[in-house]
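For reference, the structure discussed in these notes is given below.
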Number of protein chains: 2
Amino acid sequence: MFPADARPSLTASARAVFRRLVLDGPSTRPQIGPLLGLSRPTMSAAIAELERIGYVDEIGVVQGTMGRRAVKYRAGRGAGHIIAVDAGATHVRLRLATLDRRLLHSRVHRLPTRQLMLNEEISAAVADEVAAAIAERQDEWGPLRVVGIALPTRVVDKGLDWDATRQNVIFSRFSPPGGVDLVLENNVNCAAVAERFYGAAKDWPTFAYIQIGLKIGMGLMLGGELVRGRNGAAGEIGHLSFPFAPGLLPVAGEAERYMGTEALIARVRADWPADAGAPPLDTRELLSRAEAGEPAALVHVDRHATDVGALIAACVSVVDPGLVVLGGGMGASPLLLPKTREVANRLSYPVEVENSALGSDATVLGIERLAIDRAMSFLLGDDPITP
Amino acid sequence: MFPADARPSLTASARAVFRRLVLDGPSTRPQIGPLLGLSRPTMSAAIAELERIGYVDEIGVVQGTMGRRAVKYRAGRGAGHIIAVDAGATHVRLRLATLDRRLLHSRVHRLPTRQLMLNEEISAAVADEVAAAIAERQDEWGPLRVVGIALPTRVVDKGLDWDATRQNVIFSRFSPPGGVDLVLENNVNCAAVAERFYGAAKDWPTFAYIQIGLKIGMGLMLGGELVRGRNGAAGEIGHLSFPFAPGLLPVAGEAERYMGTEALIARVRADWPADAGAPPLDTRELLSRAEAGEPAALVHVDRHATDVGALIAACVSVVDPGLVVLGGGMGASPLLLPKTREVANRLSYPVEVENSALGSDATVLGIERLAIDRAMSFLLGDDPITP
DNA sequence: GCTTCTATGTTAGGCACATTAACAAACAAA
DNA sequence: TTTGTTTGTTAATGTGCCTAACATAGAAGC
């Protein structure tokens with residue numbers, strides 16, 4: 001549409017209007033104007049400005065109960081589209097969408113085997129899926145602006161301890177298409193973003209998303225801003241040293257090894273009463289048997305809920321988020337909630353604890369949101385041209 | 001100068017100029033203009049605007065190596081002044097200053113006995129000192145804009161769990177002067193603010209200040225913003241439940257009871273070797289004997305440093321601040337640093353650990369900064385008139 | 001089928017706040 | 001005294017928004 005170094009300069013009102021069209025979806029001028037406190041002449045000018053450069057398209061008219069009908073607009077072809085990818089351990093999920101989230105293409109690619117960490121296998125799957133998505137390209141989609149990828153690693157800016165993370169492994173088989181902005185973000189942070197915008201934390205600018213599954217992690221949102229930390233390690237609570245008690249030697253990263261599902265299931269199986277039948281093979285079975293009322297399963301679920309409550313209490317004492325959204329294989333289960341709430345609130349300050357509302361889609365939806373945000377800042381020119 | 005509901009409206013440039021004069025101290029137009037990217041005519045208009053309403057006073061001229069000399073300006077009499085009070089356990093410290101931090105009056109009031117918590121005794125001392133400061137009032141100081149008080153309690157907005165904190169005890173003997181804005185803030189948070197502006201965290205928008213003394217607490221600064229949390233409990237790491245280990249029952253608030261100086265000294269005395277002379281009576285003695293090289297003292301300092309390192313590691317795993325500034329009776333000692341650094345970095349992610357640069361003045365300086373910020377937002381009208 | 005009422009959109013005029021360009025003033029150094 | 005440098009002012013201009021008034025296009029009433 002135009003070269004990256006010659007993005008059109010827009011008036012503040014036009015930028016605000018575009019932002020609303022992206023965030024709220026198709027709207028009419030009389031909807032947007034009063035919302036932004038802009039007069040009708042200013043709205044006219046803003047829309048004209050945006051239409052001229054292709055950021056906004058007219059898509060029809062709407063008729064109220066009376067009076068002249070209003071023209072409806074949406075983010076235009078020239079605004080382009082983004083690709084969001086969740087590079088997960090078992091699935092690679094992809095969404096291709098416009099900035100106002102019209103889904104144009106999507107795929108869920110199941111990996112042949114579960115990957116223990118970010119590796120070439122995942123990178124290759126991402127490369128395939130991104131290439132396939134780009135091949136689908138249609139003219140009405142406009143230019144591809146951003147590719148966002150959610151990674152199961154810490155994400156840091158180049159220059160710091162980049163090499164200590166595995167994040168660059170994503171590029172072993174995958175090369176980002178040229179001329180397109182790339183956004184990398186930790187997958188738990190992405191899930192937090194999604195819960196904030198579409199899930200259990202709607203209208204909560206401050207909260208923590210805590211993932212309890214094979215791995216343990218937290219995505220922290222304070223005042224509407226994702227907290228990443230100096231080394232991208234904010235929320236790496238799986239890495240909490242543990243135990244933390246007088247006389248005992250703490251071990252780095254032990255919290256995850258103790259709280260993760262693998263250790264949990266090992267404990268469950270070691271502890272399983274002889275007269276309670278075969279012990280559960282995985283967390284799904286443990287949870288379903290607990291739900292069915294099996295006492296042995298219930299005991300273990302309760303014990304785990306207590307541990308989760310203590311973990312939450314630790315986070316609350318540090319950042320006091322007010323709301324904790326639980327996700328992940330174990331965390332998403334409502335069975336944990338009562339005990340977890342009780343323990344967390346007893347050990348620290350008032351916290352609401354809720355289950356994730358988005359499940360396994362949270363991560364893609366989050367990286368989609370981040371990719372859109374980046375595309376929008378690019379188009380509106382309020383960010384460095386090349387980071 | 002003018003009623004609260006009729007503050008003059010200022011142009012954006014005038015507001016920016018005033019903000020610079022407050023933050024940078026006396027300056028000339030050619031200093032401020034280029035800094036803000038404002039042309040000379042705009043600077044003229046801004047200064048004229050500010051002078052007319054008394055926000056800015058002319059204080060002299062400065063001569064460069066060549067050319068005409070420039071007029072120097074500073075925050076004016078009409079901008080007024082603020083009072084900052086640190087309501088501490090052993091001292092009440094007060095500073096009365098203009099918005100650009102010209103110290104007009106200050107007092108350090110030593111309480112007859114150490115207070116264990118915020119109580120009427122402290123409230124009475126605050127009332128006395130504030131009254132005395134107000135009695136000193138001189139016309140050239142302009143109006144009193146804000147009284148800020150640093151409290152040794154959690155501080156929450158009215159309406160949440162206000163009653164669970166003791167913060168209202170400050171009003172048992174002290175009544176804020178009428179027509180003046182009041183700012184309350186937790187004392188550890190204040191110390192963090194001071195370290196950020198004037199101390200060890202200058203140029204670190206993200207860091208944590210951790211106080212290790214009689215009490216344990218943290219002030220968290222992320223991206224230049226103080227993190228308070230939903231219940232004003234962010235950083236209440238003294239309240240961390242402890243121990244946190246399989247099979248052990250965690251107790252709320254136990255971290256402080258274990259890590260605080262009282263428990264530390266009790267452990268030292270219980271453990272003191274019979275052939276090492278009389279055990280130390282307090283932390284000051286423990287530290288000075290460690291500094292002198294006494295092995296028994298060194299062992300205990302080292303052990304405590306290890307515990308502090310583990311505590312820092314826990315905070316780093318949650319928020320990854322990149323820098324931790326240690327303050328408080330024990331924390332301010334450089335003796336702890338080597339071991340603390342080693343343990344913290346071994347157990348989590350890269351953190352720099354430094355000693356407080358401000359000592360016991362940190363808290364007053366921090367609340368002074370916050371009071372000034374509030375006064376400035378009041379004058380510039382970018383805040384709700386009455387919260 | 002005409003008027004009337006209502007909501008949407010445009011045109012004209014003006015104000016607030018910044019700019020650039022040119023000039024005036026005040027100083028040090030030659 | 002002259003020259004060059006820096007500071008400050010005046011005049012003219014531009015941009016980005018506003019309000020007021022008008023034009024347009026529909027539904028509803030007679």
Side-chain angles (χ1 to χ4, degrees), chain A residues 6-21 24 26-53 55-74 76 379-382, chain B residues 6-21 24 26-53 55-74 76 379-382:
Chain A
R7 286 168 291 175
S9 81
L10 294 166
T11 60
S13 55
R15 295 152 55 103
V17 168
F18 180 68
R19 203 171 286 123
R20 287 264 61 86
L21 280 171
D24 303 343
S27 317
T28 65
R29 296 194 228 184
Q31 283 169 345
I32 301 173
L35 195 73
L36 295 174
L38 295 176
S39 66
R40 280 178 294 175
T42 304
M43 278 303 299
S44 269
I47 293 277
E49 214 176 329
L50 292 166
E51 261 188 310
R52 197 178 47 76
I53 58 174
Y55 279 16
V56 158
D57 290 343
E58 205 179 307
I59 56 164
V61 292
V62 285
Q63 177 67 62
T65 54
M66 252 196 289
R68 182 172 170 177
R69 56 196 171 190
V71 180
K72 198 156 204 168
Y73 300 91
R74 72 174 179 201
L379 291 175
L380 298 181
D382 48 20
Chain B
R7 285 169 293 175
S9 80
L10 294 167
T11 60
S13 54
R15 295 152 55 103
V17 168
F18 180 68
R19 204 170 286 122
R20 286 264 61 86
L21 279 172
D24 303 342
S27 317
T28 64
R29 297 194 226 182
Q31 283 170 345
I32 301 174
L35 196 73
L36 296 173
L38 295 176
S39 65
R40 278 176 297 175
T42 305
M43 279 303 300
S44 268
I47 293 277
E49 213 177 330
L50 293 166
E51 262 189 308
R52 198 179 45 77
I53 58 175
Y55 279 16
V56 158
D57 289 343
E58 205 178 307
I59 55 164
V61 291
V62 285
Q63 177 67 61
T65 55
M66 253 197 290
R68 182 172 169 176
R69 55 197 173 190
V71 180
K72 198 156 206 169
Y73 299 92
R74 72 175 181 200
L379 292 175
L380 298 181
D382 47 20

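Chain A is the first sequence line, chain B the second, and so forth, proteins listed ahead of strands; every chain is numbered from 1.
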At under 4.0 Å, does any side-chain N or O of [X] touch on OP1 or OP2 of [N]?
X	N	result
Ser13(B)	dA18(C)	yes
Thr11(B)	dC17(C)	no
Ser44(A)	dG9(C)	no
Arg40(A)	dA21(D)	no
Thr28(B)	dT7(D)	no

Discussion item. If you assign Gln63(A) and Pro41(A) each to the DNA chain D nucleotide with the nearest heavy atom, which residue ends up on the more 5' nucleotide?
Written reply: Pro41(A)
Worksheet item: Between Gly64(A) and Thr42(A), which has a closest nucleotide on DNA chain D that is more 5'?
Response: Thr42(A)
Discussion item. Any donor-acceptor pair, under 3.5 Å, between the side chain of Arg68(A) and the base of dT8(C), if you only look at N and O atoms?
Written reply: yes
Practice prompt. Check if the side chain of Arg69(A) and the base of dG26(D) share a donor-acceptor pair of N or O atoms closer than 3.5 Å.
Written response: no
For atom [atom1] of [X] and atom [atom2] of [N], their distance in whole Å:
X	N	atom1	atom2	result
Glu51(B)	dG8(D)	CD	P	11 Å
Glu49(B)	dA16(C)	CD	C1'	11 Å
Met66(B)	dA30(C)	CE	P	8 Å
Arg15(B)	dC17(C)	CZ	P	11 Å
Leu38(B)	dG8(D)	CG	P	14 Å
Ile47(A)	dT10(C)	CD1	P	10 Å
Met43(B)	dT19(C)	CE	P	11 Å
Ile32(B)	dT7(D)	CD1	P	13 Å

Worksheet item: Base, sugar-phosphate, or nothing for Gly37(B), non-hydrogen atoms under 4.0 angstrom?
Response: sugar-phosphate
Worksheet item: Across the strands shown, which category fits Ala45(B) at heavy-atom distances under 4.0 angstrom: base, sugar-phosphate, nothing?
Response: nothing
Practice prompt. Check the pair Arg69(B) / Thr28(B) against side chain to side chain donor-acceptor pair (under 3.5 Å), numbers first and verdict last.
Written response: CA-CA 10 Å; Arg69(B) 55 197 173 190; Thr28(B) 64; over 6 Å; no
Discussion item. I'd like to know whether Val17(A) forms a side chain to side chain contact (heavy atoms under 4.5 Å, CB included) with Leu38(A), so could you lay out the CA-CA distance, the side-chain angles of the two residues, the decisive distance to 0.1 Å, and finally the verdict.
Written reply: CA-CA 9 Å; Val17(A) 168; Leu38(A) 295 176; 4.1 Å; yes
Given 3.5 Å as the limit, does a donor-acceptor pair link the side chain of [X] with the main chain of [Y], or not?
X	Y	answer
Glu49(A)	Thr11(A)	yes
Arg15(A)	Leu380(A)	yes
Tyr73(A)	Gly60(A)	no

